[in-house]
There are 2 protein chains.
Amino acid sequence: MTNEQVVRPNIMAVLEDRGYRSTNSRRSIVHILEDKGSGFTAEEIGRELPSVGRATIFRTLKLLLEMGVICRLNLPDGPPKYSLSRVEHHHHTVCVVCGNVGEFRAATIERLMRTLSNEIPGDVIGHRIELYITCDLCSKENTN
Amino acid sequence: MTNEQVVRPNIMAVLEDRGYRSTNSRRSIVHILEDKGSGFTAEEIGRELPSVGRATIFRTLKLLLEMGVICRLNLPDGPPKYSLSRVEHHHHTVCVVCGNVGEFRAATIERLMRTLSNEIPGDVIGHRIELYITCDLCSKENTN
DNA sequence: GTTAGTCATGGTACTTAGTATCATTAATAT
DNA sequence: ATATTAATGATACTAAGTACCATGACTAAC
């Protein structure tokens with residue numbers, strides 16, 4: 001696991017580079033994403049931007065997903081959560097108590113996946129790894 | 001990756017051992033699950049059992065999920081798919097073309113996860129790994 | 001085997017994440 | 001400044017799943 005500086009792209013610039021327009025709604029959604037960083041739901045964003053239509057929120061999230069700027073995480077229960085992606089490939093931790101989402105990188109996993117792909121029938125083109133944890137905060141609260 | 005014989009529990013027995021009743025609906029649902037094995041959707045089961053109420057299908061799937069008899073797999077798109085679990089811990093491959101779901105085991109992964117948990121903040125209590133592949137059948141069809 | 005109690009069922013209405021449609025509005029290119 | 005076209009918000013819809021509730025089916029105890 002590494003802890004190097006997280007490099008994030010200028011999201012609006014990425015959108016514009018792909019020919020998408022820089023609109024008020026998109027800017028305010030992106031602004032909130034950058035503020036929250038990780039573990040936010042679509043509904044949450046909608047609540048903070050009542051002037052922006054629900055459809056637009058989902059449309060924008062979908063766009064950003066396709067561009068790889070954010071990722072969606074399906075939790076065992078509750079609505080899916082979105083997180084800003086690192087530029088680099090990464091994986092997620094989810095606290096099963098509070099639902100907080102974290103990110104980590106581990107070169108060992110990637111090396112292992114390459115090895116594994118020899119033993120899997122078919123061509124491995126991607127993978128997704130989620131670690132379910134109880135985060136430090138939640139285990140502390142439990143012992144109090 | 002291992003290929004040993006898949007050991008499956010007697011699902012109805014497991015249900016009854018937990019105090020749940022052996023009803024017609026449950027038996028017919030379980031029967032279909034055992035027939036399909038993996039990669040089926042809730043809707044699919046409902047279609048094959050028009051006499052069983054939709055609610056009952058979801059109720060039963062939920063029960064089986066809680067008991068660990070089946071697992072739910074959220075695909076990048078399309079409805080979630082359910083699979084009979086092996087008794088043993090395992091992971092899934094999903095073909096991104098046809099959506100077929102496979103299972104595999106890899107002790108290396110489990111060992112790696114244990115190592116990794118030292119580097120992750122909080123207590124790791126579980127993990128989920130999905131490999132996205134194009135299965136042999138689909139890559140063949142593409143080259144034809 | 002009958003019965004009593006309770007669990008499970010099917011039907012229906014609801015919730016929630018996300019999408020389709022469409023007339024109006026705003027961003028861009030010229 | 002204007003024409004073009006993309007994006008928007010509103011609304012209605014779909015689809016996975018759940019809540020509710022009166023009726024029916026299991027099981028246990030007799």
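In what follows, chains carry the letters A, B, and so on, assigned in the order in which the sequence lines appear, proteins first and then strands, with residues in each chain numbered from 1.
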Walking along DNA chain C from 5' to 3', note the first and the last nucleotide with an atom under 4.0 Å from a heavy atom of chain A, and give both.
->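 First-to-last contact on DNA chain C, by the 4.0 Å heavy-atom rule, is dA17(C) to dT28(C).
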Residue among Leu63(A), Val52(A), Leu64(A) satisfying side-chain contact (heavy atoms from CB on, under 4.5 Å) with Arg26(A) |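 It is Leu63(A); the other options fail the test.
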Sort and list the pairs that fulfil ring pair (Phe, Tyr, Trp, His ring centres under 6.0 Å) and have at least one residue in residues 45-81 of chain A, not counting sequence neighbours.
->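 Qualifying pairs: none.
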Check against side-chain contact (heavy atoms from CB on, under 4.5 Å), Leu49(B) and Ile32(B) = CA-CA 9 Å; Leu49(B) 292 174; Ile32(B) 291 202; 3.6 Å; yes
In plain terms, say whether Arg18(A) and Glu16(A) are close enough for a salt bridge, that is, a side-chain N and a carboxylate O under 4.0 Å apart.
->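 Salt bridge between Arg18(A) and Glu16(A), a charged N being under 4.0 Å from a carboxylate O: no.
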Do side-chain atoms of Lys36(A) reach the backbone of Ser83(A) as a donor and acceptor pair under 3.5 angstrom?
->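 Between the backbone of Ser83(A) and the side chain of Lys36(A) there is no qualifying donor-acceptor contact (under 3.5 Å).
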Pick one: which of Arg105(B), Glu110(B), Glu103(B) meets side chain to side chain donor-acceptor pair (under 3.5 Å) with His91(B)?
->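 The single option meeting the side chain to side chain donor-acceptor pair (under 3.5 Å) with His91(B) is Glu110(B).
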Degree of bending in the helix from dG1(C)-dC30(D) to dT30(C)-dA1(D) once both end axes are built from five pairs, to 10° |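 If I round to tens, the end axes sit 40° apart.
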Could you list, one pair per line, each protein nitrogen or oxygen that sits under 3.5 Å from a nitrogen or oxygen of nucleotides 28-30 of chain D, together with the distance?
none

Look at the side-chain N and O atoms of Lys62(B) and state whether any lies under 4.0 Å from the OP1 or OP2 oxygen of dT18(D).
->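 Indeed, a polar side-chain atom of Lys62(B) lies that close.
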Got a sec? Which of residues 64-74 of chain B come in under 4.0 Å of DNA chain C, heavy atoms?
->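 None - not one residue of the stretch has a heavy atom sitting under 4.0 Å from the strand.
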Using a 4.0 Å cut-off on protein heavy atoms (strictly under), produce a 5'-to-3' string for nucleotides 6-11 of chain D with B for base contact, S for backbone-only sugar-phosphate contact, and - for none.
-> BSBBB-
If you pin Ser22(B) and Leu61(B) to their nearest nucleotides in DNA chain D, which one's is more 5'?
->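 Whichever sits nearer the 5' end wins; that is Leu61(B).
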Which sits closer to the 5' end of DNA chain D, Arg27(B) or Glu43(B), going by the nucleotide each is nearest to?
->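 In this pair, the answer is Glu43(B).
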Would you say the side chain of Leu73(A) lies within less than 4.5 Å of the side chain of Leu75(A), judging by non-hydrogen atoms?
->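 A side-chain contact under 4.5 Å exists here.
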